[in-house]
Amino acid sequence: MASEKGVTPRSEDYSRWYTDVVQMARLADYAPVRGCMIILPYGYELWEAVRSGLDRRFKETGHQNAYFPLFIPESFLKKEAEHVEGFSPELAVVTIGGGKELEEPLIVRPTSETIIGWAYAKWIQSYRDLPVLINQWANVVRWEMRTRLFLRTMEFLWQEGHTAHATYEEAEEETRRILDLYADFAVNDAAIPVIKGRKSNQEKFAGALHSYAIEAMMGDKRALQAGTSHNLGQNFAKAFNIQYLDVNNELQYCWTTSWGVSTRMIGAIVMVHGDDKGLRLPPRMAPIQVVIVPIYRQDAEIEPVMETVRRLQAILKDAGIRVHVDDRDDQTPGFKFNDWEMRGVPVRLEVGPRDVQQGTVALARRDVPGKAGKQFVPQAGLVETIRALLEDIQANMLRQATEFRDSNLFEVAGDYGRFGEIVESGGWALTWFCGDRACEEKIKEDHQLVSRCFPLDQPHPGEHGPCIVCGEQATAMAYFARAY
RNA sequence: CGGGGCGUAGCGCAGUUUGGUUAGCGCGCACGGUUUGGGACCGUGAGGUCCCCGGUUCAAAUCCGGGCGCCCCGACCA
């Protein structure tokens, strides 16, 4: 970890900064097993905020939670050709149980399409059983070569939705509905601007007809896929015999979808909003929205100060604001200011003897550094003041992130040299792209990066343009950028 | 899986080149006191299989051989 005081400045070394922030803000710690992490209480509270934000939206759109087993029979994975090809390099396999070699090895789930497909085949008989709209909150394991706290760990937490529908149209509608839901969560709760788009065939989920994703720009301009939604077509339905009888008493294969957001979202929040001093949490996600730091010089001042602190704490808590009183008596106020700034708390409230006398408090906002972000306000009407301040911080953080992102998006047509300049300087290039494997490979060879997505919101809808690589007429533009 | 770096107290490191007292520093921790509106100070104290195994030597944190682990950068991925 970095220096004795604070994290490595973000501007100095981005990846070290990230590692420092995650550890020093006590979001996560390294585990004794390579590539695994311990999610600490403060980090887990953030995850709970992600979970409740998404879960509420899932329920509102008619989904229910369920839980499927961790272990999947090896043969299941093999039933969908693309799927097994995509995942086999990163599987953890259990071959011994109870001291005996297993007849059939068990896969520790890397994702649950197969075992859920098996269950759906059992459950679904008729069009009357459709749609099936199930989500599960679970851990999954993928044997990763290179890992990073939250961004890529061998075991991670996520939600995976799995739905089955009667028609392609319904499945596609579901896939898109979830993509919208993810974007809504990212933008409105996590204050992360995202680009909704379709993945190229090369980048789609192993076994999907096509995949959509929300792509976000991190503070170092690299892209991060923060959520994915897949239209699986009938691929898994055919592999697992998920069939139903339609109104005409004819047997049909279902159309299925799957979609997921993982603990990686926490990495995104850190990397999008953090600054040189550490974490900055959007108020809607912050486990602690307001931290109260009591200030006193002499023992005689403790009593009246703490009395005011407790009173304000109760008022804020009753108003539904997540408030914490830092009453540690072995740390100075100055230390606490820095500590909570590093941990990203949006608002700091100071109560000292002067405030007790004058009926005021000092309020400091995390998104505006130094004195500029500090103001003295009356205790009267504090709930309204803080509510407004939290809203303003939330909006400001989204605005800052959006401005930063937009200033690094560049459109380029038909000029491969210019395209190279953009992506090599870290920007995102939006360009006509035919989507062919050969063209994507060429870019990968030249610039060590692949397409992020074809944005759903196309800048020139209905028009054509020359693919940036082969020059053939392409019908859509895609983003290219270095990614995590 | 390639390239680089690192492994010495809870954390960050010095010491290793050139083997030699009782292995040291800062932070943190415990206790006492003074402090407290932007990272306090003084005093006392606790804390070590120097990553592991083997070898060389009168003597190894230090030299030699082998192994393990972690971090960073690339190839592959939520």
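Just so you know, these numbers use all the heavy atoms, side chains as well, and skip hydrogens, waters and symmetry mates. Residue numbering restarts at 1 for every chain, and letters A, B, ... go by the order of the sequence lines.
- Taking atom C1' on both B/rG55 and B/rC71, the two are 30 Å apart, rounded to the nearest angstrom.
- Against RNA chain B, the stretch residues 257-265 of chain A makes heavy-atom approaches under 4.0 Å through A/Ser262, A/Arg264.
- Nucleotide B/rC70 has B/rG5 as its partner under the Watson-Crick or G-U criteria, with both atom distances under 3.5 Å.
- Taking the side-chain contact (heavy atoms from CB on, under 4.5 Å) definition, one finds that A/Gln448 meets it with A/Arg482, sequence neighbours left out.
- Contacts classified as salt bridge (Lys or Arg N to Asp or Glu O under 4.0 Å) and involving residues 270-281 of chain A (residues at least two apart or in different chains) are given here: A/Asp275-A/Arg366, A/Lys277-A/Glu341.
- Residue A/Glu350 is the one, among A/Lys444 and A/Glu350, whose nearest nucleotide of RNA chain B lies closer to the 5' end (criterion: closest heavy atom).
- Annotation: of the two residues near RNA chain B, A/Arg348 and A/Asp329, the 5′-most nearest-nucleotide partner is A/Asp329.
- Straight-line distance between the P atoms of B/rC31 and B/rG74: roughly 47 Å, to the nearest whole Å.
- For A/Thr153, counting side-chain heavy atoms from C-beta on, the closest listed nucleotide (B/rA78, B/rC70, B/rA75) is B/rA78.
- Nearest to the side chain of A/Tyr296, among B/rG38, B/rA78, B/rU36, sits B/rU36.
- Residues from residues 219-237 of chain A with heavy atoms under 4.0 angstrom of RNA chain B, sorted by number: A/Gln225.
- Residues satisfying the side-chain contact (heavy atoms from CB on, under 4.5 Å) criterion with A/Ala364, sequence neighbours excluded, are A/Arg348, A/Lys374.
- Inter-residue side-chain proximity for A/Leu349 and A/Leu382 is flagged as met; some heavy-atom pair is nearer than 4.5 Å.
- Here the side chain of A/Ile295 is nearest to one of B/rG38, B/rG37, B/rC73, namely B/rG37.
- Pairing for B/rA75 is absent, with no Watson-Crick or G-U wobble pair whose two atom distances lie under 3.5 Å.
- To the nearest whole angstrom, the two C1' atoms, one in B/rG39 and one in B/rG45, are 25 Å apart.
- Side-chain atoms of A/Ser211 and A/Glu203 form no donor-acceptor pair, as typed in the model, at a separation below 3.5 Å.
- Closest approach to the A/Glu144 side chain among B/rC72, B/rA78, B/rC1 is made by B/rA78 (side chain taken as heavy atoms from C-beta onward).
- Look at B/rC27: its Watson-Crick or wobble partner, with both distances under 3.5 angstrom, is B/rG10.
- In this view, A/Asp13 satisfies the salt bridge (Lys or Arg N to Asp or Glu O under 4.0 Å) rule with no residue, not counting sequence neighbours.
- Within the structure, a side-chain polar atom (N or O) of A/Arg146 is placed less than 4.0 Å from OP1 or OP2 of B/rG74.
- Within the structure, every side-chain polar atom (N or O) of A/Arg328 is placed at least 4.0 Å from both OP1 and OP2 of B/rU36.
- Of the residues in residues 331-347 of chain A, those lying under 4.0 Å from RNA chain B by heavy-atom distance are A/Thr332, A/Pro333, A/Gly334, A/Phe335, A/Phe337, A/Asn338, A/Asp339, A/Glu341.
- Between the P atoms of B/rC41 and B/rG5, the separation comes to 37 Å (whole Å).
- Spacing of P atoms, B/rG4 relative to B/rU49, comes out at 32 Å, to the nearest Å.
- B/rA14 sits 9 Å from B/rC6 when the P atoms are compared, rounded to a whole Å.
- OP1 or OP2 of B/rC72 sits under 4.0 Å from a side-chain N or O of A/Thr19.
- Between A/Phe205 and A/His230, the two ring planes are parallel [angle under 30°; tilted spans 30° to 60°].
- Among residues two or more places apart in sequence or in another chain, the side chain to side chain donor-acceptor pair (under 3.5 Å) test is passed with A/Trp255 by none.
- To the nearest whole angstrom, the two P atoms, one in B/rG54 and one in B/rG10, are 24 Å apart.
- For the residue pair A/Arg284 / A/Gln289, no side-chain donor-acceptor distance below 3.5 Å is found, with atom types taken as modelled.
- Residues passing the side-chain contact (heavy atoms from CB on, under 4.5 Å) test with A/Lys79 are A/Ala239, A/Phe240, sequence neighbours excluded.
- Pairing partner, B/rA40: B/rU34, with both Watson-Crick or wobble hydrogen-bond distances short of 3.5 Å.
- Taking every heavy atom of residues 365-383 of chain A and every atom of RNA chain B, pairs under 4.0 Å involve A/Phe376, by number.
- Distance noted for atom C1' between B/rU44 and B/rA60: 35 Å (whole Å).
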Contacts table for residues 181-188 of chain A: side-chain donor-acceptor under 3.5 angstrom, sequence neighbours left out:
unit_1   : atom_1 : unit_2   : atom_2 : d
A/Tyr182 : OH     : A/Gln159 : OE1    : 2.5
A/Tyr182 : OH     : A/Gly260 : N      : 3.0
A/Asp184 : OD1    : A/Asn188 : ND2    : 2.6
A/Asp184 : OD2    : A/Arg57  : NE     : 2.9
A/Asp184 : OD2    : A/Arg57  : NH2    : 3.1
A/Asn188 : ND2    : A/Asp184 : O      : 3.3

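- Salt bridge annotation for A/Arg177-A/Glu173: present, with a cationic side-chain nitrogen under 4.0 angstrom from a carboxylate oxygen.
- Partners of A/Arg297 by side-chain contact (heavy atoms from CB on, under 4.5 Å), not counting sequence neighbours, listed by chain and number: A/Glu301.
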